[in-house]
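Okay, structure first, notes after.
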Amino acid sequence: MFAFTRKTRVGTAAAALALAVTLVATGCSGGSGTTDGGAGGGGGGGNLSITFLPKNLGNPYFETSNKGGEEAITEFGGTYEQVGPSEATPTSQVQYIQTAAQQGAGGLVISANDPSAICDALDEARSANVKVVTFDSDTDAECRDLFINQATAEGIAKVQVDLVAEQIGDAGQVAILSAAANATNQNAWIELMKEDLAANHPNIELVDVVYGDDDDQTSFDRTAALLQTYPNLKGIVSPTTVGIAAAGRYLSTSEYKGKVALTGLGTPNQLREYVQDGTITAFALWNPADLGYLAAYAAKALIAGEITGAEGDTFEAGKLGEYTVGADATVLLGDPYVFDSSNIADFDF
């Protein structure tokens with residue numbers, strides 16, 4: 001497992017960095033590159049040295065969300081660092097949590113690969129006064145200070161079911177291509193999708209749920225296997241940016257292009273060519289850069305003592321405005337957004 005570290009120290013008067021996100025290929029191994037700015041940061045605002053720990057490096061989704069986090073930390077004058085494993089396995093994040101605490105991080109922003117496997121390490125970090133903010137994929141609630149939710153699980157599930165139902169005429173066989181089998185966010189969405197299909201779409205049959213482990217080639221192979229196993233398949237839903245891109249790559253050059261609908265969650269830059277060539281009609285997502293940006297400001301508010309994570313706490317999140325902490329120490333970014341040929345050219349992430 002290779003570690004990657006990138007640290008940026010900026011002064012409180014620094015201008016905000018513009019986001020110019022170039023998505024990189026999935027599955028890259030780690031490297032390292034550090035601009036050392038010393039511990040802490042942010043003057044009197046507490047220890048604003050904040051480490052971002054995604055599920056894995058080389059994932060285009062997290063490259064985008066981490067850029068948003070870096071932009072926010074630049075704005076409020078903290079120290080940004082990114083570390084992470086090359087593979088999204090349940091315990092692969094533990095060593096990075098421990099190292100961040102040992103090196104004196106003030107905040108840790110993490111997308112959890114497993115809800116429980118990293119809790120002991122997070123508890124140790126919090127004992128060392130590290131504020132823990134989860135985003136995208138949560139841990140057990142007692143293991144962190146705050147969770148930044150990209151959208152409600154119900155809203156994410158519903159938009160994907162609505163999209164596939166519309167695209168296949170509300171009838172036929174569909175399958176789900178997910179990320180890892182133990183990914184908390186994916187599993188929550190899938191259970192709600194199953195409930196929605198059963199309650200509101202009696203003519204749609206969910207024939208299988210398969211897992212691509214957020215790996216491009218594995219997801220590509222799972223797509224091929226689904227189409228071979230279910231010759232009457234009408235649609236695939238992939239609630240993972242890696243999975244939908246890999247499935248789009250397979251479908252775009254196959255006999256199934258235009259015959260099997262593909263939707264789910266992805267980024268415009270990943271899926272633009274598949275929308276333009278007709279492989280994908282529409283898909284959904286929130287802005288992952290905004291998610292990382294909000295998570296960074298939430299970490300800053302915790303570190304500075306502006307909030308504790310109690311329900312009803314409010315804090316300012318730069319250009320995104322004011323946010324309120326909800327039940328279970330959760331903050332909601334907003335509703336999912338649907339991308340299609342009419343608007344995809346307006347976005348660059």
Side-chain angles (χ1 to χ4, degrees), residues 4-24 33-43 45-84 100 105-111 131-137 146-151 241 266-270 285-304 306-307 314-323 331-334 337 346-349:
F4 175 95
T5 302
R6 182 153 58 96
K7 183 181 291 184
T8 306
R9 176 70 174 93
V10 291
T12 55
L17 291 178
L19 276 180
V21 180
T22 301
L23 299 178
V24 299
T34 300
T35 301
D36 191 5
N47 178 12
L48 296 180
S49 176
I50 299 173
T51 299
F52 267 66
L53 176 51
K55 290 180 179 179
N56 62 308
L57 299 178
N59 184 322
Y61 174 87
F62 290 114
E63 290 294 324
T64 306
S65 61
N66 289 358
K67 285 283 187 180
E70 184 175 15
E71 180 191 17
I73 293 167
T74 297
E75 289 178 358
F76 58 69
T79 303
Y80 167 84
E81 186 172 12
Q82 175 187 246
V83 299
L108 180 65
V109 179
I110 181 170
S111 179
K131 300 300 183 183
V132 174
V133 175
T134 56
F135 77 114
D136 176 69
S137 182
L146 208 60
F147 171 48
I148 309 302
N149 196 357
Q150 54 269 47
T241 58
T267 64
N269 287 357
Q270 280 181 298
L285 197 65
W286 47 94
N287 187 335
D290 284 349
L291 186 66
Y293 183 96
L294 177 58
Y297 265 100
K300 180 253 187 187
L302 286 166
I303 293 166
E306 298 167 10
I307 61 173
T314 61
F315 65 98
E316 291 293 330
K319 65 184 180 183
L320 299 181
E322 183 179 90
Y323 280 81
V331 177
L332 178 64
L333 175 64
Y337 187 89
D346 298 332
F347 296 89
D348 184 20
F349 71 87

Subject >> Where T64 and P288 come nearest, the two heavy atoms and their spacing >> reply: CG2-CG, 3.7 Å
Original post:
Tell me, do L48 and I73 make a side-chain contact under 4.5 Å, heavy atoms counted?
Top reply: no
Original post:
Can you list the residues that meet the side-chain hydrogen bond (donor to acceptor under 3.5 Å, both in side chains) rule with T241, with sequence neighbours excluded?
Top reply: none
Original post:
Does any non-hydrogen side-chain atom of D290 lie less than 4.5 Å from one of K319?
Top reply: yes
Original post:
In Å, rounded to the nearest 0.5 Å, how long is the span from CZ of F349 to CD of Q270?
Top reply: 10.0 Å
Original post:
For the atom pair CG (L291) and OH (Y61), what is the distance rounded to the nearest 0.5 Å?
Top reply: 4.5 Å
Subject >> Separation between OG of S137 and CZ of F147, rounded to the nearest 0.5 Å >> reply: 7.0 Å
**OP:** List the atom of T51, the atom of A105, and the distance in Å for their closest heavy-atom pair.
**Re:** OG1-CB, 4.0 Å
Original post:
Can you tell me how far the CG atom of N287 sits from the CD atom of Q150, to the nearest 0.5 Å?
Top reply: 12.0 Å
Subject >> Atom pair CD/OH of E71 and Y80 - distance to nearest 0.5 Å >> reply: 12.0 Å
**OP:** Provide the closest heavy-atom pair for F135 versus A295 in the form atom of the first, atom of the second, distance.
**Re:** CB-CB, 4.1 Å
Subject >> Listed partners of T134 passing side-chain hydrogen bond (donor to acceptor under 3.5 Å, both in side chains), at least two apart >> reply: D138
Original post:
Is there side-chain contact between K131 and L146, with heavy atoms separated by less than 4.5 Å?
Top reply: no
Original post:
Between E75 and K300, does at least one N-O distance fall below 4.0 Å, as a salt bridge requires?
Top reply: no
**OP:** Could you tell me which residues satisfy salt bridge (Lys or Arg N to Asp or Glu O under 4.0 Å) with K55, sequence neighbours excluded, listed by chain and number?
**Re:** D136
Original post:
Listed by chain and number, what are the side chain to side chain contact (heavy atoms under 4.5 Å, CB included) partners of A317, not counting sequence neighbours?
Top reply: L294, Y297, F315, L320, Y323
Original post:
About how many Å separate CG of L333 and CD1 of I148, when rounded to the nearest 0.5 Å?
Top reply: 9.0 Å
Subject >> Minimum-distance pair of heavy atoms, taken over all atoms of A298 and I307 >> reply: O-CD1, 4.3 Å
Original post:
How would you list, by chain and number, every residue that makes a side chain to side chain contact (heavy atoms under 4.5 Å, CB included) with A299, sequence neighbours excluded?
Top reply: I50, V109, V133
Subject >> Minimum-distance pair of heavy atoms, taken over all atoms of L57 and Q82 >> reply: CD2-CD, 4.1 Å
**OP:** Might you point out which heavy atoms bring L53 and G84 nearest each other, and give the distance in Å?
**Re:** CD1-CA, 3.5 Å
**OP:** Using salt bridge (Lys or Arg N to Asp or Glu O under 4.0 Å) as the criterion, list what pairs up with E316, not counting sequence neighbours.
**Re:** none
